[in-house]
Amino acid sequence: MRIATWNVNSVRARLERLLPWLTERQPDVVCLQETKCVDEMFPRDEIEDVGYQVALSGQKTYNGVAILSKKPIEDVTLGFGIERFDGEARVIAATIEDVMVLNCYVVNGQEVGHERYDYKLEWLAALRDFIVERFPMDEKVCVCGDFNVTFDDKDVYNPDRWRGRILCSAPERKALMGLCETGLEDGLRKFHPQGGVYTWWDYRRRGFENGDRGLRIDHHLLSGPAMAACTGVEVDREARAGKKPSDHAPVIATFA
DNA sequence: ATGGTCGCGGAGCGA
């Protein structure tokens with residue numbers, strides 16, 4: 001089984017990249033973030049026509065998450081079940097075969113010290129509680145998505161420039177490590193311990209085209225049984241190149 | 001170089 005995570009930055013704007021990518025790569029499960037549309041506007045028919053079932057938590061203009069799967073999607077839940085956080089469509093969980101999947105679009109946080117930065121840290125604490133309550137670590141668990149946090153400087157093309165800033169601040173990294181303390185492990189890092197592997201490049205400074213100036217903020221966090229079955233985690237850089245790409249590349253985890 | 005480019009929605013905000 002292969003499970004991909006991809007922040008598509010609008011599923012409708014990205015459909016001409018998403019559909020051929022699904023057809024060529026044939027991942028079993030795809031966790032999408034920033035779909036940016038209500039459920040009625042989601043291109044469900046087009047995606048079903050290339051062989052995927054769809055589970056959705058949509059929202060107008062901002063946020064929005066979805067799970068696409070070739071196999072039946074069971075036990076779908078939306079949000080944390082906490083009113084304070086569930087007004088933004090950032091969380092969808094489901095079980096596919098023997099894998100419990102949790103797809104997250106973590107709050108960006110704007111900048112360190114901003115109101116949204118504090119909200120981001122609270123949101124990550126709520127995510128940790130949700131994982132502890134709902135995801136038994138003796139099962140195959142895959143918590144993936146856009147976490148909007150780097151683990152450490154190995155995930156940053158220019159650590160000096162980013163030191164202490166949003167996506168790289170110590171409190172954010174502590175919160176990301178806190179998720180792992182529930183029994184999860186950074187899947188990609190196990191296969192790329194040297195770092196320097198990125199998943200997001202800023203449109204503005206043409207970070208992808210100009211010298212691979214990226215950050216790794218999209219992750220697969222895997223339970224022990226999931227990690228034991230995992231044979232690789234790779235970034236699909238081809239999907240970030242070419243015409244009308246998302247600013248994020250997909251990340252694909254393969255399981256035996 | 002505190003800039004720059006996207007997407008949404010139809011101006012300015014979020015990323």
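Naming convention: chains lettered A, B, ... in sequence-line order (proteins, then strands); numbering from 1 in each chain. Nothing here was measured: the structure is a model prediction, and the numbers come from that model.
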Side chain of [X] - closest among [options]:
X	options	answer
A:Thr61	B:dA15, B:dC8, B:dC13	B:dC8
A:Ala13	B:dG4, B:dG9, B:dG7	B:dG7
A:Arg206	B:dT5, B:dC8, B:dA15	B:dT5
A:Lys60	B:dG9, B:dC6, B:dC8	B:dG9

Item to check | Residue whose closest nucleotide on DNA chain B lies nearer the 5' end, A:Asp247 versus A:Thr35 | outcome: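 First, find each residue's nearest nucleotide; the 5'-ward one identifies A:Thr35.
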Checklist outcome for this item: Assert: residue with more 5' nearest nucleotide on DNA chain B, out of A:Asn7 and A:Val11, is A:Val11
How far, in whole Å, is [M] from [N] if one measures between their [atom1] atoms?
N	M	atom1	value
B:dG7	B:dG3	P	23 Å
B:dA15	B:dG9	P	15 Å
B:dG14	B:dG4	C1'	15 Å

Checklist entry - So does A:Asp153 pair up with A:Arg163, basic N to acidic O under 4.0 Å? => result yes
Next on the checklist: Check this for me: does any side-chain nitrogen of one of A:Glu97 and A:Lys140 sit under 4.0 Å from a carboxylate oxygen of the other?
Outcome noted: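 Not counted as a salt bridge, because no side-chain N and carboxylate O are separated by less than 4.0 Å.
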How long is the line joining [atom1] of [X] and [atom2] of [N], in whole Å?
X	N	atom1	atom2	value
A:Asn9	B:dA15	CG	C1'	8 Å
A:Glu16	B:dC6	CD	P	13 Å
A:Arg205	B:dC6	CZ	P	14 Å
A:Tyr203	B:dA15	OH	C1'	10 Å
A:Arg14	B:dC6	CZ	P	10 Å
A:Phe208	B:dC6	CZ	P	14 Å
A:Arg161	B:dT2	CZ	P	11 Å
A:Phe147	B:dA15	CZ	P	17 Å

Next on the checklist: Is it the case that the side chains of A:Asp146 and A:Trp200 hold a donor-acceptor pair, with the cut-off being a distance below 3.5 Å and no angle test?
Outcome noted: no
Checklist entry - Only one of A:Gln26, A:Lys70, A:Glu234 clears side-chain contact (heavy atoms from CB on, under 4.5 Å) with A:Arg2; which? => result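 Only match with A:Arg2 under side-chain contact (heavy atoms from CB on, under 4.5 Å): A:Gln26.
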Item to check | salt bridge (charged side-chain N to carboxylate O under 4.0 Å, His left out) contacts touching residues 237-250 of chain A (sequence neighbours left out) | outcome: A:Arg25-A:Glu238, A:Asp212-A:Arg237
Checklist entry - Counting any heavy atom closer than 4.0 Å, what does A:Tyr105 reach on the DNA or RNA strands: base, sugar-phosphate only, or nothing? => result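 The residue A:Tyr105 makes sugar-phosphate contact but no base contact.
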